[in-house]
Amino acid sequence: MLTPPRTVVRREGGLYALERALQRRGFRRVAGADEAGRGACAGPLVAAAAMLPEGKRGEIEGLADSKLLTALARERIYEQVVKRALAYSVVIIPAAEVDARGLHVCNLLAMRRALASLPVGPEYVLTDGFPLDGMGVPGLAVWKGDRVAACVAAASVLAKVTRDRIMVELDGQFPDYGFSEHKGYVTPEHSAALIEHGPCAEHRFSYINVANASGRDSRPPRSRRPRVLTDPSTLGGEIVPDLDPAVDLGDELGLAADLDPEVAADPRS
């Protein structure tokens with residue numbers, strides 16, 4: 001059996017090179033997924049998925065990894081992504097769910113949820129760093145994907161802006177912690193507030209610094225302890241459809257990356 005020729009995606013091709021290469025191979029609808037808030041000890045975990053159109057309409061000026069953009073630039077690009085995307089979705093996982101299930105489990109489930117919630121089904125999926133098995137379509141986990149693939153960068157902006165807006169709102173409810181400034185991440189100011197005031201309902205008690213400040217080890221307050229964990233398939237409010245086994249991309253696509261560690265992606269990851 002003949003395998004398809006391998007495609008080399010080089011760094012100089014820019015942020016859109018990987019998607020354009022996939023589209024030339026027949027995958028017209030390429031979706032990217034990313035998250036925001038993994039490292040925060042307060043507030044929700046937010047995952048997003050985005051699918052940009054082909055051609056010039058899908059090229060958004062200034063699009064980049066959300067962490068490299070100013071807050072003002074993120075807001076501007078957020079509006080452009082929402083306006084131009086073929087499809088997008090955002091999933092919010094509250095702090096209590098992160099405590100109950102664990103961060104990594106919630107992270108993978110949230111990205112699956114975001115991709116499954118897209119109103120237009122993708123033909124290929126790109127994720128930032130973490131492979132997602134069983135999506136029913138080919139997929140690739142890309143090292144620093146939000147700096148390599150435009151659709152992943154777009155998803156990172158959607159997730160980051162959504163989460164930042166939530167943290168600003170939470171600052172109004174819990175003004176002692178400075179959520180509007182540090183967005184729930186660990187900073188000297190946030191750590192000092194934790195020691196002085198103890199955790200609030202939006203902190204993640206499974207994180208060691210919050211657990212220490214609470215005096216409860218890693219146990220959340222009784223009101224935060226679910227009697228029964230919800231079914232993983234209903235995380236986010238909708239049921240994920242049954243998904244097919246993962247496709248072996250090494251045989252299916254023959255996709256290769258230039259040997260640049262910033263861009264390298266394992267087709268079998």
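- Checked by atom type and distance alone, the side chain of Tyr78 never pairs as donor or acceptor with a backbone atom of Ala159 at under 3.5 Å.
- Within a 6.0 Å sphere centred on CD of Glu75, other residues, nucleotides and ligands contribute more than 12 heavy atoms.
- Of all the heavy atoms in Ile77 and Gly62, the pair that sits closest is CD1-O, 3.1 Å.
- Nearest approach of Val210 to Arg204, heavy atoms of both residues: CB-O, 3.2 Å.
- Aromatic pair Phe130/His104: centroids less than 6.0 angstrom apart.
- Between the side chain of Asp128 and the main chain of Asp34, no donor-acceptor pair closer than 3.5 Å is present.
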Check against side chain to side chain contact (heavy atoms under 4.5 Å, CB included), Ser117 and Tyr88: CA-CA 8 Å; Ser117 299; Tyr88 71 92; over 6 Å; no

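- Arg84 places a side-chain N or O within 3.5 Å of a backbone atom of Arg57 that can act as its donor or acceptor partner.
- Rounding to the nearest 0.5 angstrom, the gap separating the CZ atom in Arg38 from the CG atom in Asn107 is 4.5 Å.
- At distances below 3.5 Å, not a single donor-acceptor pair connects side-chain atoms of His182 with backbone N or O atoms of Ala40.
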Go through it in stages, so that I can follow the logic: the residues are Val105 and Leu109, the test is side chain to side chain contact (heavy atoms under 4.5 Å, CB included), and I'd like the CA-CA distance, side-chain angles, deciding distance and then a yes or no. CA-CA 6 Å; Val105 169; Leu109 286 173; 3.7 Å; yes

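- The two atoms that bring Gly43 and Leu170 nearest to each other are CA-CD1, 4.4 Å, heavy atoms only.
- Using a 4.5 Å heavy-atom cutoff, the side chains of Leu18 and Val142 are in contact.
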Would you please test Ile93 and Val98 for side chain to side chain contact (heavy atoms under 4.5 Å, CB included) and show each step? CA-CA 7 Å; Ile93 308 299; Val98 175; 4.2 Å; yes

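- In this structure, CG in Leu45 is found 10.5 Å from CD1 in Ile92, a value given to the nearest 0.5 Å.
- Residues Met51 and Ala31 approach most closely at CE-CB, 4.2 Å, considering heavy atoms.
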Going through the checks in order, is the side chain to side chain contact (heavy atoms under 4.5 Å, CB included) test met by Leu126 and Glu19? CA-CA 9 Å; Leu126 299 173; Glu19 282 156 90; 4.3 Å; yes

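- The existence of a salt bridge linking Glu54 and Arg29 is excluded, since no basic side-chain nitrogen approaches an acidic carboxylate oxygen closer than 4.0 Å.
- A donor-acceptor pair is defined here as one N or O able to donate and one able to accept, closer than 3.5 Å; such a pair exists between the side chain of Ser156 and the backbone of Ser66.
- In this structure, the separation between CG on Leu194 and OG on Ser214 is 9.5 Å, given to the nearest 0.5 Å.
- Between Leu15 and Leu63, some side-chain heavy-atom pair lies under the 4.5 Å cut-off.
- The line from CD of Gln80 to CD1 of Ile60 is 6.5 Å long, rounded to the nearest 0.5 Å.
- Residues forming a side chain to side chain contact (heavy atoms under 4.5 Å, CB included) with Ala71 (at least two apart in sequence, or on another chain): Arg74.
- Considering only residues two or more places apart in sequence or on other chains, Arg20 meets the side chain to side chain contact (heavy atoms under 4.5 Å, CB included) condition with Tyr16, Gln23, Arg24, Glu59.
- Shortest non-hydrogen contact noted between Val125 and Pro122 is CG2-CG, 4.0 Å.
- Without hydrogens or angle criteria, His190 side chain to Tyr185 main chain gives a donor-acceptor distance under 3.5 Å.
- A donor-acceptor pair is defined here as one N or O able to donate and one able to accept, closer than 3.5 Å; no such pair exists between the side chain of Ser180 and the backbone of Asp171.
- Proximity of Leu68 to Arg147: side-chain heavy atoms (C-beta onward) are separated by under 4.5 Å at one or more points.
- The cluster map of Ile, Leu, Val, Met, Phe, Trp and Tyr, joined by side-chain heavy atoms under 4.5 Å apart, puts Ile195 and Val186 in different clusters.
- A salt bridge does not link Arg28 with Glu123: every distance from a Lys NZ or Arg NE/NH1/NH2 to an Asp or Glu carboxylate oxygen is 4.0 Å or more.
- Taking the ring centroids of His203 and Phe174, they lie at or beyond the 6.0 Å cut-off.
- Stacking of Arg25 on the aromatic ring of Tyr124 is not recorded, the 6.0 Å distance cut-off and the 45° axial limit not both being met.
- The 12-atom threshold is exceeded at OH of Tyr177, counting heavy atoms of other residues, nucleotides or ligands nearer than 6.0 Å.
- Note that the CG atom of Leu140 and the CG atom of Leu22 stand 7.5 Å from one another [nearest 0.5 Å].
- Scanning all heavy atoms of the two residues, the minimum distance from Ala50 to Leu158 falls at CB-CD1, 4.1 Å.
- Distance check, rounded to the nearest 0.5 Å: CG of Leu103 to CD of Glu97 gives 12.5 Å.
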